[in-house]
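Residue numbers begin at 1 in each chain, while the letters A, B, ... track the order of the sequences.
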2 protein chains.
Amino acid sequence: MAMGRPLQHQPDVALTAAMQTFWRLGYHHTSLRDLLAAMEISRSSLYQLYGNKEALFLTALERYRDQLLNTLRASFYQAASAWAFIENLLTQAALNAQSEQAQLGCLIFNSATELGGEASLPAQSARQCVDDISGFFTQVIVRAQHEGSISADNDAASAAQFLTFSMSGLRLLLKSGATKPQAQQTVKHVLQGLR
Amino acid sequence: MAMGRPLQHQPDVALTAAMQTFWRLGYHHTSLRDLLAAMEISRSSLYQLYGNKEALFLTALERYRDQLLNTLRASFYQAASAWAFIENLLTQAALNAQSEQAQLGCLIFNSATELGGEASLPAQSARQCVDDISGFFTQVIVRAQHEGSISADNDAASAAQFLTFSMSGLRLLLKSGATKPQAQQTVKHVLQGLR
DNA sequence: AACTGTTGGGAATGATCATTCCATAAAATT
DNA sequence: AATTTTATGGAATGATCATTCCCAACAGTT
């Protein structure tokens with residue numbers, strides 16, 4: 001074993017806790033007190049291990065994006081068709097209407113809207129993450145076009161953007177307290193818009 | 001004329017300046033310094049005339065909503081058809097892609113997303129405003145259904161919500177720097193989704 | 001001239017914030 | 001026992017924030 005006292009906390013656990021806190025409260029509104037309480041480490045350790053609040057947010061955001069994209073990709077590659085994947089994605093979002101998860105929305109979209117046009121690193125990173133999601137959806141659209149479920153006349157990138165903001169819009173709806181039937185009906189509109 | 005020194009500033013002008021500042025910076029991120037500079041009044045006057053930051057935001061938000069709804073209603077009632085109104089609304093939004101206005105987004109949606117699930121008065125008010133917009137769109141949808149341009153099978157409220165978040169999503173897209181052709185393509189998706 | 005309401009800004013209050021420094025304790029090594 | 005690394009928390013720093021109090025200047029009225 002290496003010399004010196006071994007690490008007492010698991011960096012993964014602490015990072016996940018930080019991520020959830022940012023998710024719940026937003027970047028600016030999350031204070032160091034909140035972080036320390038959630039991560040269950042001391043101020044000193046936080047600065048030593050993660051640099052500062054901004055750096056911690058960046059790594060937490062990247063982790064969130066990685067996890068999200070991994071989940072999406074896994075579900076995509078094992079889906080019967082691209083269209084089935086899209087349908088399932090939206091339907092699941094609508095079904096989970098009242099869950100806490102849905103109430104929180106998506107960390108990436110939340111951050112992108114909160115940080116808006118800021119020039120800060122967190123803002124840049126958030127916008128990049130939105131692009132990453134949109135890029136993944138573009139692949140999905142392209143496959144759907146090959147499979148014939150979406151007209152090849154459509155620009156794949158635009159369709160992907162439509163799908164992206166529809167996901168974010170759906171989240172906003174659910175956050176505003178839309179009922180499950182309303183959400184399901186809205187999903188139909190989105191699916192119809194993609195065709 | 002009334003006794004005492006007459007008002008030097010026009011409350012309307014100052015309120016508009018405050019509104020634009022909240023619009024540009026968001027509620028939390030707008031400091032009193034920002035407000036005073038934009039409104040060109042003194043701290044004393046602000047507190048005397050508008051109460052405090054929170055109260056000022058509430059009146060500014062209401063004014064924004066009133067102006068927006070008035071503009072929308074005027075354009076709606078003089079439109080050839082409900083569908084033409086919707087088409088025009090979305091197309092104009094896409095055409096103004098690069099304008100400063102579009103970059104700002106909409107004060108109501110910005111506030112609703114920024115304040116999210118907060119229990120504060122500003123948050124409640126923002127959610128109410130989203131409902132107000134959605135309510136207006138419901139009327140539009142109902143008229144479109146009477147005119148036959150939207151299937152009567154659709155739930156009007158759900159379609160209105162779809163339209164509402166599509167507007168907000170379009171704004172987010174433009175904020176993220178989507179090109180004009182992309183935005184126009186996305187509008188087609190939204191219109192198709194409404195049918 | 002006396003009165004009344006508006007305006008402006010200095011100063012203080014009390015709170016929160018992120019960050020740094022520092023001294024100390026704990027747990028492992030050699 | 002000496003060393004190395006990690007952990008903790010008190011204290012201070014410097015900044016910003018919204019808000020209140022207060023006093024002086026201002027611009028009209030009667």
Side-chain angles (χ1 to χ4, degrees), chain A residues 1-19 21-22 24-61 111 114-115 118-123 125-126, chain B residues 1-19 21-22 24-61 111 114-115 118-123 125-126:
Chain A
M1 194 183 283
M3 207 182 292
R5 177 176 177 171
L7 279 96
Q8 297 254 299
H9 76 288
Q10 296 152 311
D12 278 6
V13 176
L15 195 53
T16 301
M19 187 186 81
T21 310
F22 283 125
R24 198 158 40 87
L25 303 176
Y27 175 63
H28 285 302
H29 204 263
T30 296
S31 73
L32 228 64
R33 281 184 58 241
D34 298 324
L35 288 170
L36 299 182
M39 299 172 76
E40 290 184 311
I41 62 174
S42 71
R43 205 177 33 245
S44 321
S45 303
L46 187 148
Y47 279 95
Q48 187 189 341
L49 295 172
Y50 303 98
N52 54 25
K53 180 182 168 181
E54 186 179 77
L56 177 58
F57 176 77
L58 292 180
T59 59
L61 185 62
S111 303
E114 176 198 352
L115 305 176
E118 277 184 36
S120 64
L121 246 58
S125 184
Chain B
M1 197 185 282
M3 211 181 290
R5 179 174 177 172
L7 278 94
Q8 297 252 300
H9 76 287
Q10 295 153 311
D12 278 5
V13 176
L15 194 54
T16 301
M19 186 186 82
T21 310
F22 283 125
R24 198 159 41 87
L25 303 177
Y27 174 63
H28 285 301
H29 203 263
T30 295
S31 73
L32 229 63
R33 281 183 60 241
D34 298 324
L35 288 172
L36 298 183
M39 300 172 75
E40 292 184 309
I41 61 174
S42 71
R43 210 176 28 248
S44 322
S45 303
L46 189 148
Y47 278 95
Q48 186 187 342
L49 295 170
Y50 303 97
N52 55 24
K53 180 182 169 181
E54 186 178 77
L56 177 58
F57 177 78
L58 293 179
T59 58
L61 186 63
S111 304
E114 177 197 351
L115 305 176
E118 279 185 34
S120 64
L121 246 57
S125 183

Review point. Does any N or O in the side chain of B:K53 come within less than 3.5 Å of the main-chain N or O of B:T30, such that one atom is a donor and the other an acceptor?
Key: yes
Check your understanding: Residues two or more places apart in sequence or in another chain: which of them pass side chain to side chain contact (heavy atoms under 4.5 Å, CB included) with B:A14?
Key -> B:H9, B:M39, B:Y50
Check your understanding: Taking the six-membered ring for Trp, are B:F57 and B:F22 parallel (under 30°), tilted (30 to 60°) or perpendicular (over 60°)?
Key -> perpendicular
Check your understanding: Does CD belonging to A:E54 count more than 12 external heavy atoms closer than 6.0 Å?
Key -> yes
Review point. When every nucleotide of nucleotides 12-26 of chain C is labelled 5' to 3' by its protein contacts under 4.0 Å (heavy atoms), B for base, S for sugar-phosphate only, - for none, what sequence of letters results?
Key: -----SSBB-----B
Review point. Does the side chain of A:S42 get closer than 4.0 angstrom to OP1 or OP2 of D:dT8 through an N or O atom?
Key: yes
**Study point:** Rounded interatomic separation in angstrom, taking CD from A:Q10 and P from D:dT6
**Key:** 16 Å
Review point. For the helix from C:dA1-D:dT30 to C:dT30-D:dA1, what angle lies between the axis at the first five pairs and the axis at the last five pairs, to 10 degrees?
Key: 10°
Check your understanding: Atom CG of A:L46 and atom C1' of D:dA7: how far apart are they, to the nearest Å?
Key -> 13 Å
Exercise for review: Round to a whole Å and report the spacing from CE of B:M39 to P of C:dT7.
Suggested key: 11 Å
**Study point:** For atom NE2 of A:H9 and atom C1' of D:dT6, their distance in whole Å
**Key:** 10 Å
Review point. Does A:Q48 place a side-chain N or O at less than 4.0 Å from the phosphate oxygens OP1/OP2 of D:dA7?
Key: no
Exercise for review: Give a yes or no answer on whether the side chain of A:S125 reaches the backbone of A:L121 with a donor-acceptor pair at less than 3.5 Å.
Suggested key: no
Check your understanding: Quick one: are A:L56 and A:L15 in side-chain contact, heavy atoms under 4.5 Å?
Key -> yes
Revision key, fill the gap. What one should report as the nearest heavy-atom pair of A:Y27 and A:E114 is N-OE1, 2.9 Å
Review point. Looking at side-chain heavy atoms only, is the closest gap between B:L115 and B:E118 below 4.5 Å?
Key: yes
